[in-house]
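Within every chain, numbering begins at 1; the chains are lettered A, B, ... in the order of the sequence lines, protein sequences first and strands thereafter.
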Amino acid sequence: MPVTADHRLEADRLAKLEAIAALGVDPWGRRFDGAQPIADVRALPITDDPMTGPEVRAAGRIFTHRKMGKIRFLDLVDRSGRIQVMVGQKQVDETSWAVAEQCDLGDLLAVVGRLGTTKAGELTIFAQTIQYQGKALLPHPDKWSGIEDTEFALRHRYLDFIYDPELRAKAVKRVQLLQFIRTWLAGRGFLEVETPVLQAIAGGAAARPFKTHHNALDIPLFLRIALELPLKKLLVAGFERVFEMSRVFRNEGISPKHNPEFTMLELYEAHGDYETMMELTESLIVGCVQTLGQGLEVEYGDVRVAFPPPWRRAAYGDLFREFVGVEMMDTDGVAQQARSLGIEPAGKDHDVLVHLLFEHKVEGHLHGPIFVFDYPAALCPLTKRKAGDPRLAERFELYVNNMELANAYTELNDPITQEATFRRQLAGLPEEESMAKMDDEFVKALKYGMPPAGGMGMGIDRLVMLLTNSQTIREVILFPLLRPELK
RNA sequence: GGGGACGUAGCUCAACUGGCAGAGCAGCGGACUUUUAAUCCGUAGGUUCAGGGUUCGAGUCCCUGCGUCCCCA
């Protein structure tokens with residue numbers, strides 16, 4: 001099928017594609033066995049004479065080239081590094097030279113040759129044969145300035161990874177972190193499970209869900225906004241230690257810290273509580289920091305975050321008193337403080353006001369890492385009340401650099417209280433910000449007996465941001481959501 | 001949702017107060033067997049995001065829309 005060129009530059013490259021095909025060479029390449037990572041090639045011992053150097057095989061993309069008559073130097077890049085290749089008309093076979101003459105920046109190439117240095121001292125593969133591995137029909141970005149335009153980069157993410165090595169490195173670090181977390185949790189006896197993404201009731205968090213429809217059943221369904229409820233059903237089911245690290249979806253704004261789909265880790269440990277979760281969370285994150293091999297002091301923007309344990313633990317109420325200046329249980333004091341911030345207290349639940357004040361006046365001080373524990377109970381419908389003080393819930397949030405990184409509870413396993421908290425809609429809280437969504441199926445599961453448990457949830461994207469010094473969530477997501485371009 | 005900035009050649013960017021749309025890289029043709037952003041000679045490449053308006057004249061000013069980014073809620 002003929003390919004049509006949308007642009008003169010594409011037409012130039014199509015002509016070369018045809019020229020390569022005319023040589024009897026498949027312009028889209030074929031299997032090439034034994035390619036050594038370029039970084040490994042670079043580490044090989046060499047001799048003074050390139051003719052006696054080690055024979056190497058490499059495959060990659062043409063990044064730059066310098067043509068000098070009947071000889072050309074090109075820089076080949078693969079996942080591991082970059083190396084110069086010399087292709088001379090007298091040094092390679094006829095077909096290889098003919099192919100080399102049709103090469104453009106961005107094309108894919110495999111090369112067999114001997115490793116040595118040029119007169120200028122550059123480590124070089126002196127090609128004996130080259131195998132064409134594919135054409136770039138569209139011109140790649142400028143070889144030195146790369147991609148500057150954010151929109152172009154986002155719409156051509158695959159190019160962004162080529163021309164922004166830091167972005168690529170972050171993607172690799174993300175994979176390392178996910179692998180570490182999985183291995184670490186498995187080592188502690190946690191079973192990784194997969195629970196439904198499509199749910200009849202999107203519970204477990206306060207967020208607006210994406211809505212879809214199942215045709216055969218003719219029912220509305222939602223994409224999950226959290227992992228919590230099915231995982232707790234698995235505690236009822238007797239799995240005892242489970243985790244899931246996967247996508248959740250929230251139909252809300254996009255910002256430097258929010259992508260509509262993001263990766264959440266949630267884990268549940270039967271017979272634990274929020275204090276066991278603090279220990280677990282601390283060890284897990286310390287392990288994450290160490291696995292990237294950068295020490296326990298991490299640069300983030302213009303601040304340093306110190307992760308050596310133990311981390312500070314502070315009661316929500318104590319922080320509230322310190323930074324708001326009134327007791328969090330002081331109804332009049334809280335209302336007065338709210339008014340001074342321009343928040344009208346009438347018609348709002350006391351605990352809603354408390355948390356608004358907390359967000360305004362306390363969060364900015366939480367450089368962390370710091371565990372903030374014992375939250376106002378009304379905000380926590382899925383959390384066990386504190387022994388001896390039902391106004392508080394056994395919940396903590398881990399703050400690092402003023403950002404909520406993890407959230408954990410002593411899980412509420414009492415179905416009677418659970419049903420009551422599901423039914424209690426807090427005044428002053430928009431419905432999409434409420435976690436109280438009646439879920440009879442979940443309450444029923446609790447009625448069969450869920451063991452006491454600690455549970456923890458962590459935003460993986462935020463963790464990766466923090467540990468890779470990324471200021472936006474886009475930098476740690478392979479393909480961030482973007483409005484499609486209208487044409 | 002509100003406010004601000006931006007959108008020019010394939011890429012990176014110029015174009016003064018409104019006055020002939022330009023450069024580097026990439027491309028095309030040529031010279032060159034040791035280059036390192038190779039160099040040199042020549043050449044081509046534009047719906048200035050889209051639509052409307054003001055003006056003798058608009059990339060530039062005004063309006064609307066689209067898109068991206070930033071700040072705020």
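Atom pair K90(A):NZ and U33(B):C1' shows a separation of 8 Å (rounding to whole Å applied). The CD atom of E10(A) sits 15 Å away from the P atom of G27(B) (whole-angstrom rounding). Counting to the nearest Å, the P atom of A73(B) and the CD atom of E359(A) are 11 Å from each other. At whole-Å resolution of the value, CG in L482(A) and C1' in C66(B) are 13 Å apart. Separating the CE atom of M68(A) from the P atom of G30(B) is a distance of 17 Å, rounded to the nearest angstrom. Atom CD in Q89(A) sits about 12 Å away from atom P in A31(B), given to the nearest Å. For F152(A) and C49(B), the CZ to P distance is 17 Å, given to the nearest whole Å. Look at NE2 on H156(A): it is 17 Å from P on G67(B), rounded to the nearest Å.
The side chain of H65(A) contributes no N or O atom lying less than 4.0 Å from OP1 or OP2 of C25(B). For the OP1/OP2 pair of A26(B) and a distance below 4.0 Å, the side-chain nitrogens and oxygens of K143(A) include at least one atom meeting the criterion. The side chain of R66(A) places an N or O atom within less than 4.0 Å of a non-bridging phosphate oxygen (OP1 or OP2) of A38(B). Within the 4.0 Å cut-off from OP1 or OP2 of C69(B), at least one side-chain nitrogen or oxygen of R474(A) is found.
Within the nucleic acid shown, L138(A) has no heavy atom closer than 4.0 Å to any nucleic acid atom. Nucleic acid contact for G253(A): none, since no nucleic acid atom lies under 4.0 Å from a heavy atom of the residue. In this structure, D75(A) reaches neither bases nor backbone, as no heavy-atom distance under 4.0 Å exists between it and the strands shown. When heavy atoms are screened at a 4.0 angstrom cut-off, R155(A) is found touching the sugar-phosphate backbone but no base atom.
Within 3.5 Å, no donor on the side chain of T150(A) pairs with an acceptor on the base of U68(B), nor the reverse. Between the base of U34(B) and the side chain of E122(A) there is no donor-acceptor pair shorter than 3.5 Å. Judged by atom type and distance alone, T64(A) does not reach the base of U36(B) through any side-chain donor-acceptor pair under 3.5 Å.
For U35(B), there is no paired nucleotide, since no Watson-Crick or G-U wobble pair has both relevant distances below 3.5 Å. In a base pair of the Watson-Crick type (N1 to N3 plus N6-O4 or O6-N4) or a G-U wobble (N1-O2 and O6-N3), with each distance short of 3.5 Å, U17(B) is matched with no nucleotide. Taking a pair to require two hydrogen-bonding distances under 3.5 Å in either a Watson-Crick or a G-U wobble arrangement, G1(B) pairs with C72(B). Of the nucleotides present, U12(B) is the one that pairs with A23(B) by Watson-Crick or G-U wobble criteria, both distances under 3.5 Å. Using Watson-Crick or G-U wobble geometry with both donor-acceptor distances under 3.5 Å, G67(B) finds its partner in C6(B).
If you check the side chains of S246(A) and R224(A), you find a donor sitting under 3.5 Å from an acceptor. Between the side chains of Q89(A) and Q91(A), not a single donor N or O lies within less than 3.5 Å of an accepting N or O.
Taking the six-membered ring where tryptophan is involved, the planes of Y274(A) and F373(A) are perpendicular, since the angle between them exceeds 60° and thus also 30°. Aromatic ring pairs are classed by plane angle as parallel below 30°, tilted from 30° to 60° and perpendicular above 60°; the pair F249(A) and F210(A) is perpendicular.
The side-chain hydrogen bond (donor to acceptor under 3.5 Å, both in side chains) test with Y163(A) singles out one residue from E148(A), H156(A), H140(A), and that residue is H140(A).
A cation-pi geometry, defined here as NZ or CZ lying under 6.0 Å from the six-membered ring centre and within 45° of its normal, does not hold between R114(A) and F126(A).
Atom C1' of G53(B) sits at a distance of 46 Å from the matching atom of A37(B), rounded to the whole Å. Atom name P, nucleotides A73(B) and U68(B): the rounded distance is 22 Å, in whole Å. Comparing the C1' positions of C20(B) and U60(B) gives an interatomic distance of 15 Å, to the nearest angstrom.
Closest approach to the D104(A) side chain among G27(B), G10(B), U34(B) is made by G27(B) (side chain taken as heavy atoms from C-beta onward). When distances are taken from the side chain of E151(A) to each of A9(B), U33(B), U68(B), the shortest belongs to U68(B).
The 5' end of RNA chain B is approached more closely, in terms of each residue's nearest nucleotide, by H140(A) than by the other of K119(A) and H140(A).
Heavy-atom neighbours of E344(A) CD from other residues, nucleotides or ligands within 6.0 Å: above the threshold of 12.
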